[in-house]
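Remarks on the structure that follows.
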Amino acid sequence: AATEGEALEEELKKTLESLELKKKSLFFPHSRIRVGQAGVYLGMDEIWLERSSGYFVLDLIPDSDTPQVHLVLSGTQSDPNAGITVRLQCDGFKFAGDNSYKGMPKINFDKLTVTIGLSCDISICFDAATCKWFSNPKIFQIHVKSFKGPYGTSRSMVAAVMSLITPVLRNSLVNNLPRELGMLIMSLQAPFCMRGEFDITGIELTVLSSVLHQSPVVCRLCEYSSQQVEMFYWLQKSLDRNVVLKTVDEVMAYRRMYEKNALLWERLKAMWNQAAVIYSDKYTASQKNLQGGFSSDFDFSSILHCCDELLRKRLSLKFKLQYFDGQISLNNILDYTHIFLHRVCSESLSKSPTPLQQSRLVAMIHRIAMTHSQFQSLLQNVMRNLDSAQLKLQAGFHTGLNGELRMTVTDIIAQMPLNMRFNLSKETKMGNQPLVPYFTNLKPQKSGEVLVEVTHRCNDVKLPSKLLEGQQRSNVNSKASNPKLSLPDSTPQKSRMDDNMPSKSSDIPTMDKIMTMLCISPCLSIVVDKLTTLKPGADLFTMAVGPKHEGWTPFGGMNGLRNRSYTTLDIVSASHHINVPNQNNNKDKDAEGEAGCPVRVQTADGIKMLAQIPTSNVTFFLPGLVRFGMAHFENLKLLKVFLEKTLGGEFLEEQLEILKLVIEKASKYILSPDLDISININGKISTAQGDIAVRIETPDVSEDVIERSDNNTDM
């Protein structure tokens, strides 16, 4: 009976969902965005975010029964009641209700621009018994603190809209959060807390409402002068159109109206381009005898391309971490990530319609298992060779053509035993040339500073044309007048990147910086970790070639060395096997010989290696790093051979092609000035009882030390 009741409830739920979808389609058949339920519905064509800023608190609270994620969004740390500020524009805004809400008016706005202050207090809980996420309106609240909008709108109307969006957002989060995240939160030893400020900047709304030829952003994205863009206005006048498309908003509305019919829209674009060519030719012919004219070439496709770039809605993010306190196990992260990926692939495998997709998913599941095994081995090596490590990190990451990742790491202390076991191949070639040549320069100084520079030749390494084309239009809010992308020249204002950029005028090989690292007074010592019973002459650390011979004493022998216990570096070549006493397991010996040369390095019990570095400054140069990475993909066949020889396994060229596209897409964001992050944290890694624990917390320092100065880039 319970099973039948659950089945009926499931069918009822599906029926209600289908009914809601049909109602939204009935009320807003042409709207791209449709939300709502229970008789109140909202439809929109586009949403444009101009800016959103505020303060956030994120807590991961472990519990044996119901762990939860708690998120609070407010105005600022000093005035949390102000709420986060959101300024946005909604195109084609429609608000309606069904017969159950007879008194509700229907509201329509072609363009609605509002500034809202919101406060969010959101909690999502995980049920350990059912392994499902859940929430309810009492613990998932979004309130309107302030509102400013056009005439005809009110705060109550916005509150009603938020009451529609809140359930949709809550259901989306509950249904999409993976259950493995809840299991990971359950495994935390203590609450995990993060606090900070964020500032998200989108497109300036004035770009959408300005006259096309009067907007520098539109002219730059079209790669036309203002006179050329103005030709589009006069073309429409010459066609005696009743409605002239003057702004980006009007062009987008025109396109939304006709692109529902793909064939009709393609014909319209062709007719617009043909009309632009005819009008340009006539204008050029009429102005050929006049001096001081301008190029009149333009086409309708460039206007549409400008709209496409704006529709990408690129966002600029500034993130300042002010407080962080948490500890997590790397072993648990690895295990739950593997469970999540394996579950997703297995569910997709059961739903895949074709044998080809099934075979690819089976291969992916196998690769996931192999990767998990490799990372497990890596963590085991870390646990064997590390007791604890701690450091203080100040980092700043900003993207763009002068983008850098700068890190200042201080008070580095690491204590470790050595207990390494690995095999070398039977034949090892030294000095193999990498796929993309790079150079490591070591420059020690008398003061104890050691400078390491990693560079590569960039004469034949160029960024892909698609990437450059994307960067040419990336920053839609920029007030720069030059529409073309060019690497920075050598000017005093940009001296920090002068030697990192390739020279176009010289045939001499130019070295492109990838990374620099400055270590100040590094120190490596051997210490006694605890009281030891080692006798005089016992080995603290041994590296030797050949097998360990029990009872052997050097230099005629000292009784203190006769019973010493040590581990040497054993090498067994393929052509000459050394017979070691007390090796009765011939299978293990044959397997060891087949695997290659076994290598073991180990310190004595109670003896540890102690590494100390007072300060280390590391800088990654993003343009050079992008060029170096993309250079590997110029010849996919060579890359395939290189990866298979270096990492083992099998790599498909189609996989490398997909990876190349992913890297190109990521590079567009790395080279555009849209991201600025600054953090200041203390970190500690410790190994105990077969587990690697990572603890991160923010130091107790003033806010001006935590936050780096903001060098705002015009967007």
By salt bridge (charged side-chain N to carboxylate O under 4.0 Å, His left out) - contacts of Lys313 (at least two apart) | Glu46

Value rounded to 0.5 Å, distance of OH in Tyr438 from CD in Glu453 | 15.5 Å

Quick one: are Leu656 and Leu643 in side-chain contact, heavy atoms under 4.5 Å?
-> yes

Does the side chain of Arg87 reach to within under 4.5 Å of the side chain of Thr113, using non-hydrogen atoms?
-> yes

If we ignore angles and hydrogens, is there a donor and acceptor under 3.5 Å between the side chains of Glu664 and Ser667?
-> no

Phe628/Phe621 under ring-ring contact (aromatic ring centres under 6.0 Å, His included): CA gap, chis, key distance, verdict = CA-CA 11 Å; Phe628 179 70; Phe621 300 94; over 10 Å; no

Taking all heavy atoms of Ser302 and all of Tyr224, pick out the closest pair and write down the distance.
-> OG-OH, 3.1 Å

Take Glu204 and Val217 through the test side chain to side chain contact (heavy atoms under 4.5 Å, CB included) and record every step on the way to the result.
-> CA-CA 10 Å; Glu204 292 184 4; Val217 173; over 6 Å; no

Shortest non-hydrogen pair, Ile303 vs Cys222, comes out as CD1-SG, 4.0 Å

What residues, two or more places apart in sequence or in another chain, satisfy salt bridge (charged side-chain N to carboxylate O under 4.0 Å, His left out) together with Asp91?
-> none

First locate atom OG of Ser301, then atom CG of Asn273, and finally report the distance between them rounded to the nearest 0.5 Å.
-> 3.5 Å

Would you call Met407 and Phe620 a side-chain contact if the rule is heavy atoms closer than 4.5 Å?
-> yes

Spacing of Phe633 atom CZ and Ile663 atom CD1 [to the nearest 0.5 Å] = 3.5 Å

Salt bridge (Lys or Arg N to Asp or Glu O under 4.0 Å) contacts in which one or both residues fall within residues 262-275, not counting sequence neighbours | Glu266-Lys269

Between His456 and Gly624 the two heavy atoms that sit nearest each other are NE2-O, 3.7 Å

What residues, two or more places apart in sequence or in another chain, satisfy side chain to side chain contact (heavy atoms under 4.5 Å, CB included) together with Glu230?
-> His213, Trp234

Evaluate the criterion side-chain hydrogen bond (donor to acceptor under 3.5 Å, both in side chains) for residue pair Arg51 and Thr201; output intermediate values, then yes/no.
-> CA-CA 5 Å; Arg51 186 169 185 180; Thr201 305; 4.5 Å; no

Please set out all donor-acceptor pairs under 3.5 angstrom arising from side-chain atoms of residues 251-259, sequence neighbours excluded.
from   : atom 1 : to     : atom 2 : distance (Å)
Tyr254 : OH     : Trp272 : NE1    : 3.1
Arg255 : NH1    : Asp308 : OD1    : 2.8
Arg255 : NH2    : Asp308 : OD1    : 3.2

Full working for side chain to side chain contact (heavy atoms under 4.5 Å, CB included) between Phe198 and Ser52 | CA-CA 8 Å; Phe198 65 93; Ser52 177; 3.9 Å; yes

Backbone N or O of Cys306 within a donor-acceptor pair of the Glu309 side chain at under 3.5 Å?
-> no

Please name the pair of heavy atoms, one in Lys246 and one in Glu250, separated by the smallest distance, quoted to 0.1 Å.
-> N-OE1, 2.6 Å

May I ask you to decide if Leu205's main-chain N or O and Glu50's side chain share a donor-acceptor pair within less than 3.5 Å?
-> yes

Pairwise distance OG1(Thr247) to CG(Leu245) - rounded to 0.5 angstrom = 8.0 Å

Atom of Leu321, atom of Ile679 and distance for their closest heavy-atom approach = CB-CG2, 3.8 Å

Under 30°, 30 to 60°, or over 60°: which ring-plane class applies to Trp265 and Phe300, parallel, tilted or perpendicular?
-> perpendicular

Exercise: identify the closest heavy-atom pair between Leu221 and His305 | O-CD2, 4.5 Å

Verify whether the ring centers belonging to Phe397 and Phe319 lie closer than 6.0 Å.
-> no

Between CG of Leu21 and CG of Leu26, what distance do you get to the nearest 0.5 Å?
-> 12.5 Å

Greater than 12 external heavy atoms within 6.0 Å of Lys260's NZ = yes

Going by heavy atoms in the side chains, are Ile84 and Ser53 under 4.5 Å from each other?
-> no

Do we see a donor-acceptor contact under 3.5 Å between the side chains of Tyr279 and Ser238?
-> no

Check against side chain to side chain contact (heavy atoms under 4.5 Å, CB included), Glu653 and Lys637 | CA-CA 7 Å; Glu653 288 191 27; Lys637 293 183 178 179; 3.2 Å; yes

Distance-only, no hydrogens or angles: does the Arg627 side chain make a donor-acceptor pair with backbone N or O of Asp512 under 3.5 Å?
-> no

Who pairs with Met364 by side chain to side chain contact (heavy atoms under 4.5 Å, CB included), at least two apart in sequence or on another chain?
-> Cys345, Arg367, Ile368

How far apart are the C-alpha atoms of Asp299 and Val277, what are their side-chain angles, what is the distance that settles it, and do they pass the side chain to side chain contact (heavy atoms under 4.5 Å, CB included) test?
-> CA-CA 7 Å; Asp299 56 22; Val277 171; 5.9 Å; no

Less than 4.5 Å apart, any side-chain heavy atom of Leu169 and any of Ile142?
-> yes

Can you measure from CG (Leu263) to CG (Leu268) and round to the nearest 0.5 angstrom?
-> 10.0 Å

Would you say the side chain of Leu88 lies within less than 4.5 Å of the side chain of Val114, judging by non-hydrogen atoms?
-> yes

